[in-house]
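Here is the naming used below: chain letters follow the sequence lines, and residue numbers restart at 1 for every chain.
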Amino acid sequence: MKNFIKKIIDNDIKNGLSINKLKFRFSPEPNGFLHIGHIKSLYINFKLSKIYNSKINLRFDDTNPNNINKYYVNNIIKDIKWLGFKYNKICYTSNYFNILYKWAIKLIKLKKAYIQKFKNNKIYNIYNIKKNIYIFKNMKIGKYNENTYVLRAKINMKSKNFYLNDPIMYRIIKKPHFRTNNKWYIYPTYDWAHGQSDYIEKITHSLCSIEFQNHKLLYNWFIKNIYNKKFNKIIPKQIEFSRLNIIDSITSKRKLKILKKKKIIKNYYDPRLCTISSFKKKGYKPNFLINFIKKIGYSKRENNISINKLDIEIKKKLINKSNKLMVIINPIKITIINYPKNKIKWIKLNNNKKIPFTKKIYIEKKDFKKNKSKNFFRLNKINYVRLKYSFIIKLYKIKKKKIYCKIYNKNKINKYKIKSTIQWISNKYFKYINILFYKYIYFKKNKIINLNTIKKKKALSDITINNIKNNKIYQFHRIGFFYLYKKNFFKKILLFKKKKKK
RNA sequence: AGACUCGUUGUGUAAUGGUAGCACAUCAGAUUUUGGUUCUGAUAGUUAAGGUUCAAAUCCUUACGAGUCUACCA
């Protein structure tokens, strides 16, 4: 891996940072499910920890009890485990509420933090240290209502950087926290909690997405002002990279919540989403997602990536490796006129299984065209067509809307005249299967695209399906890849794109 | 409007001031019992102008364009 993040770290090592001290962290807020964008952050952090053989924490940024809950914590842990990333320790920002509180008092005493009071639509700044501490302690134990007091850092109200305009460190939130319960009635803001948590955990490089770059000055200011040599010598460094921006799916929690609110999706396992939980359920393997993330790389540039790129990576993984089935989604029946009526010929497949060939068979509707047309290589009056694993046929006649074909001896036909091979199924020996098709939901200019796109379709499969296993991925000949999630029920993984050929 | 950040073929990403490379996409040819696959080749790029330098994608200045933020969310 060569990129700007590694360069920064290597440079720090060159300048005296001990390589043994390197430590990273993945720090989600437990307010939703992880999605494909989080894998970008996961991958870079875990990859770096692997390269440098350094420690890495999973830290839940649980500062705001209004947003978070334990359900999300458990789900995030499950998803990370499924992806195969191994961290050293699970941490919670809420573990540090005590020490953050102590540091806040220290800043008050240093006149670097002060209480602001709101009463009758008026704002009062309180600068007396004793008064500040008295109010702050009462805020903590729940003596005041929400929106009456805040604790602000005293930096520079005149700064053009908004984040340095005396940012809020604590606000009153009268809601129990799933870990600390009713112990606290004040909660630290992101800016006051995050860098300090990094400092407490001795994180050396704190990677985050680009929207936090505005916070960097503040991040550094807080750490500078609570820095204590005896406590920890290492000053963490915030490094930003651009977030994954998928143009044709959703990675924004806000948008996911809109979909749930509008009851378009029931939960975050919906196959039209790109949450990790959804991918898991659709039969994707972790390495599909990780390969995709590897390919897109890291930078600070705004990027626009199509979720198609994921399909490309998956195709590479699966192609020529999956078990195959012949499946017909929209069948039409054809009759072979020069094949005996009751004869069953057992045709050997590549995997040594056998399927029966009979006088009447089904083929895909799209593989037949009555009239000749340019660039159509499949069944019509002119083309010789190979039935996969089997005979060469050509359209003989159409009578009373019934299609009659004739088998030709393959030795008598020029090899190059056979331009296509299609799948087929005996009309007597087949199995019904169910397939779920869906597309990703996304937003375009705040409009939701691809609604109601889960389609259930019945299809016909060859009889080798009797012996296949659930929870595996199968390739449907010429259609795509599908995941068998219960007996005779498949979910789409990807469809083959058809290319035009002259 | 300001603050911060970023501009490299269509897309994504490399190039420590010294040959602008790679992947995907696209197009062509070959291969093929999947219009799939595989192989070969081609097209195409440093936002612009100026400066520093023997030498600039890289450093500096200006312009232009894009993004993020301007919350008691993270």
Next on the checklist: Just so I know, are the side chains of A/Lys140 and A/Lys137 near enough to count as touching, which here means a heavy-atom distance under 4.5 Å?
Outcome noted: no
Item to check | Sugar-phosphate only, base, or nothing, as touched by A/Lys294 at under 4.0 Å among non-hydrogen atoms | outcome: nothing
Checklist entry - When all nucleic acid strands are considered with a 4.0 Å heavy-atom cut-off, which category describes A/Asn31: base, sugar-phosphate, or nothing? => result nothing
Next on the checklist: Over all strands shown, is A/Phe212 touching base, sugar-phosphate only, or nothing at heavy-atom distances under 4.0 angstrom?
Outcome noted: base
Checklist entry - Which part of the nucleic acid, if any, lies within contact of A/His194, taking any heavy atom under 4.0 Å across all strands shown: a base, the sugar-phosphate backbone alone, or nothing? => result nothing
Checklist entry - Just checking A/Ser27: base, sugar-phosphate only, or nothing, at a heavy-atom cut-off of under 4.0 Å? => result nothing
Next on the checklist: What's A/Phe60 touching, base or sugar-phosphate or nothing? Going by heavy atoms closer than 4.0 Å.
Outcome noted: nothing
Checklist entry - How many Å lie between NZ on A/Lys419 and P on B/rU34, as a whole number? => result 15 Å
Item to check | Closest listed nucleotide, where the reference is the side chain of A/Asn303 and the choices are B/rA23, B/rU13, B/rC69 | outcome: B/rU13
Next on the checklist: Would you measure the distance from the C1' atom in B/rU40 across to the matching atom in B/rU32 and give it in whole Å?
Outcome noted: 15 Å
Checklist entry - Which nucleotide sits closest to the side chain of A/Thr189: B/rA74, B/rC69, B/rA23? => result B/rA74
Checklist entry - Rounding to a whole Å, what distance do you find between A/Asn165:CG and B/rG2:P? => result 16 Å
Item to check | Residue A/Lys316, side-chain heavy atoms: nucleotide from B/rA23, B/rC73, B/rC4 that is nearest | outcome: B/rA23
Next on the checklist: Does B/rC73 have OP1 or OP2 under 4.0 Å away from a side-chain N or O of A/Asn64?
Outcome noted: yes
Next on the checklist: Considering every strand and a 4.0 Å limit on heavy-atom distances, what is the contact class for A/Lys253: base, sugar-phosphate, or nothing?
Outcome noted: nothing
Next on the checklist: Quick check for you: among B/rG35, B/rA74, B/rC73, whose closest atom lies nearest to any side-chain atom of A/Asp61?
Outcome noted: B/rA74
Next on the checklist: Please compare A/Pro28 and A/Lys309 by the position of their nearest nucleotide in RNA chain B and report the one closer to 5'.
Outcome noted: A/Lys309
Item to check | A/Ser159 and A/Asn165 side chains, donor-acceptor separation under 3.5 Å | outcome: no
Next on the checklist: Just to be sure I understand the rule, does A/Phe292 reach a base, reach only the sugar-phosphate, or reach nothing, if contact means heavy atoms closer than 4.0 Å?
Outcome noted: nothing
Checklist entry - Between B/rC72, B/rC69, B/rC6, which nucleotide gets closest to the side-chain atoms of A/Val150? => result B/rC72
Next on the checklist: With a 6.0 Å cut-off on the ring centroids, do A/Tyr170 and A/Phe136 count as close?
Outcome noted: yes
Next on the checklist: Looking at B/rG35, I'd like to know if its phosphate oxygens (OP1 or OP2) sit under 4.0 Å from a side-chain N or O belonging to A/Arg378.
Outcome noted: no
Next on the checklist: Using a 4.0 Å heavy-atom cut-off, does A/Lys388 contact any base of the nucleic acid, only the sugar-phosphate backbone, or nothing at all?
Outcome noted: base
Checklist outcome for this item: From the candidates B/rU5, B/rA74, B/rC69, the one with an atom nearest any side-chain atom of A/Arg171 is B/rA74
Item to check | Sugar-phosphate, base or nothing in reach of A/Tyr190, heavy atoms under 4.0 Å | outcome: base
Next on the checklist: Just to be sure I understand the rule, does A/Asn161 reach a base, reach only the sugar-phosphate, or reach nothing, if contact means heavy atoms closer than 4.0 Å?
Outcome noted: sugar-phosphate
Checklist entry - For B/rU70, does either OP1 or OP2 sit under 4.0 Å from a side-chain N or O belonging to A/Lys160? => result no
Checklist outcome for this item: Here the distance between atom P of B/rU33 and atom CD1 of A/Ile407, to the nearest Å, is 20 Å
Checklist outcome for this item: Of the listed B/rA3, B/rC72, B/rU68, the closest approach to the A/Glu211 side chain comes from B/rU68
Checklist entry - For B/rU34, does OP1 or OP2 lie under 4.0 Å from any side-chain N or O of A/Thr421? => result no
Checklist entry - Would you say the base of B/rU68 and the side-chain of A/Asn214 have a donor-acceptor pair closer than 3.5 Å? => result yes
Next on the checklist: Is A/Lys497 close enough to B/rU37 that one of its side-chain N or O atoms is under 4.0 Å from OP1 or OP2 there?
Outcome noted: no
Checklist entry - Which comes earlier along RNA chain B counting from the 5' end, the contact point of A/Lys7 or that of A/Lys315, where each point is its nearest nucleotide? => result A/Lys7
Item to check | From CA spacing to verdict: salt bridge (Lys or Arg N to Asp or Glu O under 4.0 Å), A/Lys237, A/Asp198 | outcome: CA-CA 9 Å; A/Lys237 188 180 256 182; A/Asp198 288 337; over 6 Å; no
Next on the checklist: If you only use heavy atoms from C-beta on, which nucleotide in B/rU5, B/rU13, B/rU37 is closest to the side chain of A/Ile319?
Outcome noted: B/rU37
Checklist entry - Is A/Lys492 close enough and on-axis enough to A/Phe482, meaning under 6.0 Å and within 45°, for cation-pi? => result no
Next on the checklist: Does A/Gln475 reach a base, just sugar-phosphate, or nothing at all? Heavy atoms under 4.0 Å.
Outcome noted: base
Item to check | Heavy-atom check, side chain of A/Phe279 versus side chain of A/Thr275, under 4.5 Å | outcome: no
Checklist entry - In whole angstrom, what separates A/Leu310's CG from B/rG12's C1'? => result 15 Å
Checklist entry - Which listed nucleotide (B/rG35, B/rC69, B/rC73) is nearest to the side chain of A/Ser420? => result B/rG35
Item to check | Within-4.5 Å side-chain heavy-atom neighbours: A/Ile76 and A/His38 | outcome: no
Checklist entry - For the pair made of OH in A/Tyr187 and P in B/rA71, what is the distance, rounded to whole Å? => result 24 Å
Next on the checklist: Are A/Tyr384 and A/Tyr408 an aromatic pair, judged by ring center distance below 6.0 Å?
Outcome noted: yes
Checklist entry - So what does A/Tyr170 touch, heavy atoms closer than 4.0 Å: a base, only the sugar-phosphate, or nothing? => result nothing
Next on the checklist: From C-beta outward on A/Glu302, which listed nucleotide comes closest to its side chain: B/rA66, B/rA3, B/rG36?
Outcome noted: B/rA66
